[in-house]
Undergrad: 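The following block contains the structure, expressed as structure tokens.
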Amino acid sequence: MGYHIVVSCSRFTNPVLRNNFHIVTTPLPRHPCSFLYSTISFGSPPPLGAYHSHLLKNGSLQNLNLANYLLSLYVKSSNMNHAHKLFYEIPHKNTQTWTILISGFARAGSSEMVFNLFREMQAKGALPNQYTLSSVFKCCSAENNLQMGKGIHAWVLRNGVDGDVVLENSILDLYLKCKAFEYAESFFELMIEKDIVSWNIMTGSYLRVGDVEKSLDMFRKFPYKDVVSWNTIIDGFMQCGYERLALEQLYRMVEYGTEFSAITFSIALILASSLSLVEVGRQLHGRVLKFGLNSDGFIRSSLVEMYGKCGRMDKASTILKDVPLNFLRKENFGVTCKEPKAGMVSWSSMVSGYVWNGKYEDGMKIFRSMVRELVVVDIRTVVTIISACANAGILEFGKQIHAYIQKIGLRIDAYVGSSLIDMYSKSGSLDDAWMIFRRINEPNVVLWTSMISGCALHGQGRNAISLFEGMLHQGIIPNEVSFVAVLNACSHVGLIEEGCRYFKMMKDIYHINPEVEHYTSMVNLYGRSGHLFEAKNFIFENGISHLTPVWRSFLSSCRLHKNIEMGKSVSEMLLQSAPSDPDAYILLSNMCSSNHRWDEAAKVRGLMHQRGVKKQPGQSWIQLKDQIHTFIVGDRSHPQDKEIYSHLDSLIGRLKEIGYSLDVKLVMQDVEEEQREVLISHHSEKLALVFGIINTSQRTPIRIMKNLRICTDCHNFIKYASQLLERDIIVRDTHRFHHFKQGNCSCGDYW
DNA sequence: ATAGGGTTAG
């Protein structure tokens, strides 16, 4: 019974014969379709399609075994459209027929289809088996539909479906994905047969909610560990922000002797890039090549991202070359095919890589060709790129992406919205951030926190506070980041009372343990407003004297308020605990020189030199049309450099006439007064500013980004410039925005 | 047939 179909294989290698093959049917001696195994790898449509129409024509679909087998082949080769069509051509379906199709759609992530088919199946009176059910449960958890899952679970219990560990695992996963932890835990306890998958599900779920303790506890209890166990724990640690722990586990995995899977490589590469371990990344790349895994899309995208983050765009682009853009068109995004998605990740990583490395034009160029060629740009891609724009502060690119989102009609949800708000506020356009915020009406904590951070960044302390209160009023529970935002807002404008209140609220009402950021913000709040003693008390009262960022903030307040004695006593501490932190040396040295203690300043610099600590070079950038122009101190590399310097000199002269004087005390170098004046007058932000003045029409606002905190002299300089030139000048430094307008700065000289 | 690979705020 049945048929053995003989097909000559040569046609697959000979393109001429490709569409000209013969199907020979003979009575079945062994497995009905054994030959078909060999055809799958050639891609389904020609052979399966021919086979399909053949069966249809001679009525062989009556043979359920054969029909089901063909159906499963369609599913295996991700051809869900054909599978669906065939399904309705099969006259007498059994449970297996339904199951094959349902599991196929489940794997493809088409939950709606699965639910419909499942209902249809029940209506037709076909009894689902454990495999059907696990697929349906998978969709329930994918859709986060606890109610439906519970209903089906009840049905399973009522009907006494024979379940095995697989079915129970899928139920376990459902409850965990829907965060019904108590239920899941007792279910897990009651499971008679637990396999490695059950343990992995538990570990992964705890990590997803950040419960590292419980997940580690589970992990240790495993009877044995497979590659997925390791992947789960490594990726989970990374997601929770414990990169070091993740790395540690990766080494353990190697020790344990578990072989890497493709996913391990992918995870490990991302880990290497987030820890900036270029060397590890390169070694992994070597292993990838050795194992021949470089054709895996996910691995390729991690490689692109890794090289991009490490500034090796050349390497990244070599790897990207293997992913043709036209391959990523909509029609290739078949229901189950993950490969185009992975390819898309590679391309979007390339865009963010360029943006990260300040190569905005290249990033834009690639994004444009993506838009032109590929059609499908999903939410994640967009969010990744927007967030890269936010960090680079390149408003124009961000705006274009925003326009693109609107054009393709992508719904701006909390995810996209938060990243847009962040992008606009970090690029200096707080109004646009507000506009986005007002349009999204979602009680999402990240969304609100982004807006609060935006206000804080622009020194709008009062607005930040009323937003925070509004958030509480809406019933949104603030998290640790929300408190960082509101505390920063308070410290930027010196709202001591409010800051203290929120700090207390965080601990007492929301039971959030303060982290370094919160402490630093508080010390900043006290210190910047001149309450140095309170700041110091706060440090000792809270037992945080071992945290270097706290002392760095304190030291910078000492400098601001010219309390050199106090500053010196803490800097000793700082230099000991963080001997490789350039900021500490620079702060101390600047403090000494601004009090004319040149010897001491020289000593600090000597120490810095001796220990091989390098100062991060100051860099400012400004965007003009489609280009980013970057400047460093004393930069002569710009094509317009002559014009810039002569204009700068004359500007300094004109500003001096209206009261500006160079504050040369801040110069690190031990040089003559006149030379010092030259150095400081060529700070990168001054160069960027003059470049902006020359190249834009009068009264156009100028936006400048800087990778360090703006110095007193430049701050002063720009204030006068905004008055003389009647221009709004907006500067973003590492801490906040300064809006200069008619001789004043929005920070009120308080930064 | 069940678990694992990229997304927002400091």
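Scope of the values below: all heavy atoms of this structure, side chains included, with no hydrogens, waters or symmetry mates. Protein chains get the first letters and strands the later ones, always in sequence-line order, with residue 1 at the start of each.
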Undergrad: Any side-chain heavy-atom pair from Val114(A) and Leu117(A) closer than 4.5 angstrom?
TA: no
Undergrad: Measure the acute angle between the ring planes of Phe291(A) and Phe265(A), then classify it against the limits of 30° and 60° as parallel, tilted or perpendicular.
TA: tilted
Undergrad: With sugar-phosphate meaning primed atoms plus P, OP1 and OP2, does Glu480(A) contact a base, only sugar-phosphate, or nothing at under 4.0 Å between heavy atoms?
TA: base
Undergrad: Over all strands shown, is Lys426(A) touching base, sugar-phosphate only, or nothing at heavy-atom distances under 4.0 angstrom?
TA: sugar-phosphate
Undergrad: With sugar-phosphate meaning primed atoms plus P, OP1 and OP2, does Asn129(A) contact a base, only sugar-phosphate, or nothing at under 4.0 Å between heavy atoms?
TA: nothing
Undergrad: Which part of the nucleic acid, if any, lies within reach of Ser450(A) when heavy atoms closer than 4.0 Å are counted: base, sugar-phosphate only, or nothing?
TA: sugar-phosphate
Undergrad: Can you tell me if the side-chain N/O atoms of Lys194(A) get under 4.0 Å from OP1 or OP2 in dT2(B)?
TA: no
Undergrad: According to a strict under-4.0 Å criterion, is Lys309(A) in side-chain N/O contact with OP1 or OP2 of dG6(B)?
TA: no
Undergrad: Choosing from dT8(B), dA3(B), dG10(B), which nucleotide comes nearest the side chain of Val446(A)?
TA: dT8(B)
Undergrad: May I ask you to say what Ser521(A) touches in the nucleic acid, namely base, sugar-phosphate or nothing, with a heavy-atom cut-off under 4.0 Å?
TA: nothing
Undergrad: From the list dG4(B), dG6(B), dT2(B), which nucleotide is the closest neighbour of the side chain of Ser134(A)?
TA: dT2(B)
Undergrad: Of the nucleotides dA9(B), dG4(B), dT7(B), which one has an atom closest to the side chain of Val383(A)?
TA: dT7(B)
Undergrad: Identify whether any heavy atom of Thr132(A) sits under 4.0 Å from a base atom; if not, whether one sits that close to sugar-phosphate; answer base, sugar-phosphate or nothing.
TA: nothing
Undergrad: Looking at the side chain of Ser170(A), which of dA9(B), dG6(B), dT2(B) is the nearest nucleotide?
TA: dT2(B)
Undergrad: In whole angstroms, how far is the C1' atom of dG6(B) from the CH2 atom of Trp356(A)?
TA: 14 Å
Undergrad: Contact class for Asp296(A) (heavy atom, under 4.0 Å): base, sugar-phosphate, or nothing?
TA: base
Undergrad: Evaluate whether the aromatic ring of Tyr415(A) and the six-membered ring of the dT7(B) base sit under 5.5 Å apart, centre to centre, with an inclination under 30°.
TA: yes
Undergrad: Between dG10(B), dA1(B), dG4(B), which nucleotide has the shortest distance from any of its atoms to the side chain of Val166(A)?
TA: dA1(B)
Undergrad: Considering all heavy atoms of both residues, which atom of Ile192(A) and which atom of Glu168(A) are nearest to each other, and what is their separation?
TA: N-OE1, 4.4 Å
Undergrad: Within the structure, does a side-chain N or O atom of Gln239(A) lie under 4.0 Å from either OP1 or OP2 of dG6(B)?
TA: yes
Undergrad: From NZ of Lys225(A) over to C1' of dA3(B), roughly how many Å is that when rounded to an integer?
TA: 16 Å
Undergrad: Going by the angle between their ring planes, with limits at 30° and 60°, are Phe397(A) and Phe367(A) parallel, tilted or perpendicular?
TA: perpendicular
Undergrad: Starting at atom CD1 of Ile405(A), determine the distance to atom P of dT7(B), rounded to an integer number of angstrom.
TA: 17 Å
Undergrad: Out of dG4(B), dG5(B), dA9(B), which nucleotide sits closest to the side chain of Ala262(A)?
TA: dG5(B)
Undergrad: Please determine whether any donor N or O and acceptor N or O are separated by less than 3.5 Å between the side chain of Ser301(A) and the base of dG5(B).
TA: no
Undergrad: To the nearest Å, give me how far apart OH (Tyr424(A)) and C1' (dT8(B)) are.
TA: 16 Å
Undergrad: Please give, in whole Å, the distance from dG4(B) P to Phe222(A) CZ?
TA: 13 Å
Undergrad: Any base atoms under 4.0 Å from Glu305(A), or only sugar-phosphate, or nothing? Heavy atoms, all strands.
TA: nothing
Undergrad: Roughly how many Å is it from CH2 in Trp347(A) to P in dT7(B), rounded to a whole number?
TA: 20 Å
Undergrad: Tell me what Ala414(A) touches on the nucleic acid: a base, only sugar-phosphate, or nothing, going by heavy atoms under 4.0 Å.
TA: base
Undergrad: Would you kindly say whether Ser301(A) and Ser346(A) are connected by a side-chain donor-acceptor distance under 3.5 Å?
TA: no
Undergrad: Which part of the nucleic acid does Ile270(A) contact within heavy-atom distance under 4.0 Å: base, sugar-phosphate only, or nothing?
TA: sugar-phosphate
Undergrad: What does Ser229(A) touch in the nucleic acid at a heavy-atom separation under 4.0 angstrom: a base, only the sugar-phosphate, or nothing?
TA: nothing
Undergrad: Given dT2(B), dA9(B), dA3(B), which nucleotide is nearest the side-chain atoms of Asp422(A)?
TA: dA9(B)
Undergrad: Assert yes or no for the condition that the ring centre distance of Phe737(A) to His492(A) is strictly below 6.0 Å.
TA: no
Undergrad: Please say whether more than 12 non-hydrogen atoms of neighbouring residues, nucleotides or ligands are located less than 6.0 Å from OH in Tyr242(A).
TA: no
Undergrad: Taking the minimum atom-to-atom distance to the side chain of Val481(A), which one of dA9(B), dG6(B), dA1(B) wins?
TA: dA9(B)
Undergrad: Looking for any heavy atom pair under 4.0 Å, which part of the strands does Gln96(A) touch: base, sugar-phosphate only, or nothing?
TA: nothing
Undergrad: Using the side-chain hydrogen bond (donor to acceptor under 3.5 Å, both in side chains) rule, collect all pairs that involve residues 438-451 of chain A, keeping only residues at least two apart or in two chains.
TA: Thr449(A)-Ser482(A)
Undergrad: If you check the Val484(A) side chain, which of dG10(B), dA3(B), dG5(B) turns out closest?
TA: dG10(B)
Undergrad: Which listed nucleotide (dT2(B), dA9(B), dG5(B)) is nearest to the side chain of Asn479(A)?
TA: dA9(B)
Undergrad: For the pair made of OH in Tyr131(A) and C1' in dT2(B), what is the distance, rounded to whole Å?
TA: 11 Å
Undergrad: Output the rounded distance in Å from CG (Asn169(A)) to P (dG4(B)).
TA: 12 Å
